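Read through the structure below, which is laid out as structure tokens, and then see the notes.
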Amino acid sequence: MSARRTTGVLALGCMCALAACSEPSTPPVAPAPPRTVLAAPPAPIPAAVEDTNLIAFLADTLGEEPRDIRLDDWWKITAGFPAESQTLIPVQQRICADTGPSPGIREVALCTRYAGAEAEDPGSVSLWRIAPDASDTGARGVAYLDGIDSGAHGEPGKVEVISLGPAQRAFLVHSPGGESGRVTTARMMLYAAQGDSFVELLGVDALWSNLGGCDADLPGDCVSRTCTLQAVDGVDADGFHPLVLHVVREGDTGSTLQIPIPRIDGRYRLPEDALGETACGAP
């Protein structure tokens with residue numbers, strides 16, 4: 001190869017090398033960052049179980065339509081069907097005690113009346129403790145007790161809400177009794193929430209009367225004793241009020257007794273003088 005040709009080849013090679021060096025290189029493309037999916041903020045929890053929440057909760061729990069449930073009257077039971085052999089049939093329900101829509105927990109008693117009942121057949125009471133939450137109904141049950149016998153002729157007795165302390169509430173379930181011979185009796189039971197249920201704190205006779213069959217002309221023969229339960233001022237170490245049984249006697253002495261009921265080991269205990277003829281029990 002001649003010197004001129006060699007020189008030309010070398011020049012061409014240098015030009016190619018220079019051209020390669022002068023071409024800009026393409027930088028690598030960085031991978032796209034992973035897409036962040038923002039979670040929806042949790043639904044706010046309401047401060048209280050309002051009336052609309054209570055109706056929605058009961059409708060969902062009982063299988064009824066919200067439009068059929070009332071806050072202050074009986075409604076017809078439509079969910080479920082009685083068995084063929086069932087003679088005592090639940091026909092109506094109502095909210096018979098309610099702590100109201102104050103902030104936090106709401107407690108209600110649900111009374112049920114029955115058709116086909118005899119004199120000795122009671123009505124029934126169910127107790128609910130309900131908390132606000134972010135569900136569709138805005139409420140959830142946190143404690144429940146069903147099937148408390150109360151009343152007679154298929155009709156439940158009245159239910160009261162009473163305060164047992166600064167932050168303690170309870171239901172007083174009254175059970176009017178039937179007549180046995182010439183004697184009429186009644187009873188009352190005190191229930192409070194404990195864990196996921198309700199427990200009976202106290203049961204006491206509320207009436208003993210023979211006025212339906214006594215001889216008014218015979219001195220001392222007609223006797224009627226009525227007892228009521230009340231909380232009084234003061235609290236114990238667990239934050240509970242003392243209870244007093246008020247006994248009103250008619251027909252014999254007309255006197256009134258006030259019997260303190262102590263609380264021992266988490267339960268109210270009836271003293272001896274709150275039993276029998278001293279109070280509203282049988283003589």
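Since we're looking at a predicted model, the values are computed, not measured. Just so it is clear, the values below take in all heavy atoms, side chains as well, and ignore hydrogens, waters and symmetry mates.
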query = Does any pair with a residue in residues 219-238 pass ring pair (Phe, Tyr, Trp, His ring centres under 6.0 Å), and if so which ones, sequence neighbours excluded?
reply = none

remark   = side chain to side chain donor-acceptor pair (under 3.5 Å) test vs Q230 passes for just one of H241, Q258, H246, namely H246

request  = Examine V247 and L207 and state if one hydrophobic cluster contains both, with Ile, Leu, Val, Met, Phe, Trp and Tyr joined whenever side-chain heavy atoms are less than 4.5 Å apart.
outcome  = no

request  = Please assess T185 against D205 for the test side chain to side chain contact (heavy atoms under 4.5 Å, CB included), listing each intermediate value before the final yes or no.
outcome  = CA-CA 8 Å; T185 61; D205 293 321; over 6 Å; no

ask   = Heavy atoms, side chains only, cut-off 4.5 Å: are L164 and L201 in contact?
value = yes

message = Is there a path of hydrophobic side-chain contacts, each under 4.5 Å between heavy atoms, that joins F240 and F198?
response = no

ask   = Heavy atoms, side chains only, cut-off 4.5 Å: are L190 and I162 in contact?
value = yes

query = Looking at A48 and S102, what are the two nearest heavy atoms and their distance?
reply = CB-O, 3.4 Å

request  = Using the rule that two of Ile, Leu, Val, Met, Phe, Trp, Tyr join whenever any of their side-chain heavy atoms come within less than 4.5 Å, decide whether V248 and L245 are in one cluster.
outcome  = no

message = If you apply the rule side chain to side chain contact (heavy atoms under 4.5 Å, CB included), what do you find for V108 with L127, and how did you get there?
response = CA-CA 6 Å; V108 299; L127 304 177; over 6 Å; no

ask   = Does any non-hydrogen side-chain atom of D98 lie less than 4.5 Å from one of V161?
value = no

request  = Please determine if R263 and D238 form a salt bridge, counting it only when a charged side-chain N lies under 4.0 Å from a carboxylate O.
outcome  = yes

request  = With sequence neighbours excluded, tell me which residues meet ring-ring contact (aromatic ring centres under 6.0 Å, His included) with W128.
outcome  = F57, Y144

request  = Check the pair L229, M188 against side chain to side chain contact (heavy atoms under 4.5 Å, CB included), reporting the backbone distance first and the verdict last.
outcome  = CA-CA 9 Å; L229 198 61; M188 52 189 171; 4.0 Å; yes

query = If we only count heavy atoms from C-beta on, is the V173 to Y191 side-chain gap below 4.5 Å?
reply = yes

Geometric cation-pi criterion R113 and W74, 6.0 Å radius, 45° cone = yes

query = Between N53 and E50, is there a donor-acceptor pair closer than 3.5 Å when you use the side chain of the first and the backbone of the second?
reply = yes

inquiry  = Do Q93 and L62 make a side-chain contact, defined as non-hydrogen atoms from C-beta onward lying under 4.5 Å apart?
reply    = yes

task = Report whether V125 and I95 are members of the same hydrophobic cluster (ILVMFWY, side-chain heavy atoms less than 4.5 Å apart, transitive linking).
result = no

key: More than 12 heavy atoms from other groups under 6.0 Å of CD on E120   = yes

task = Can you establish whether the number of heavy atoms outside E277 located under 6.0 Å from its atom CD is more than 12?
result = no

task = Report the distance from atom OG of S126 to atom CD1 of I148, rounding to the nearest 0.5 Å.
result = 7.5 Å

request  = List the steps and the verdict of side chain to side chain contact (heavy atoms under 4.5 Å, CB included) for V159 and S150.
outcome  = CA-CA 9 Å; V159 183; S150 168; 5.8 Å; no

query = Side chain of R94, backbone of I69: donor and acceptor closer than 3.5 Å?
reply = no

ask   = Hey, is D149 close enough to R187 for a salt bridge, meaning N to O under 4.0 Å?
value = no

key: Test item: L54 and L71 side chains (from C-beta on) under 4.5 Å apart, heavy atoms   = yes

ask   = Are the side chains of V142 and D196 in touch, meaning some heavy atoms are under 4.5 Å apart?
value = no

request  = Mark yes or no for whether D221, through its side chain, and D215, through its backbone, hold a donor-acceptor pair below 3.5 Å.
outcome  = yes

query = Within a radius of less than 6.0 Å around CG of D68, do more than 12 heavy atoms belonging to other residues, nucleotides or ligands occur?
reply = yes

task = Please tell me if the side chains of V223 and W208 come closer than 4.5 Å, counting only heavy atoms from C-beta onward.
result = yes

query = How far apart are the C-alpha atoms of D51 and R106, what are their side-chain angles, what is the distance that settles it, and do they pass the salt bridge (charged side-chain N to carboxylate O under 4.0 Å, His left out) test?
reply = CA-CA 10 Å; D51 291 346; R106 185 169 184 171; 2.9 Å; yes

key: Linked, directly or transitively: L243 and M189 (ILVMFWY side chains, under 4.5 Å)   = no

ask   = Is the side chain of T99 donor-acceptor paired with the backbone N or O of E107 at a distance under 3.5 Å, no angle test?
value = yes

ask   = So, E64 versus T78: side-chain donor-acceptor pair below 3.5 Å or not?
value = yes

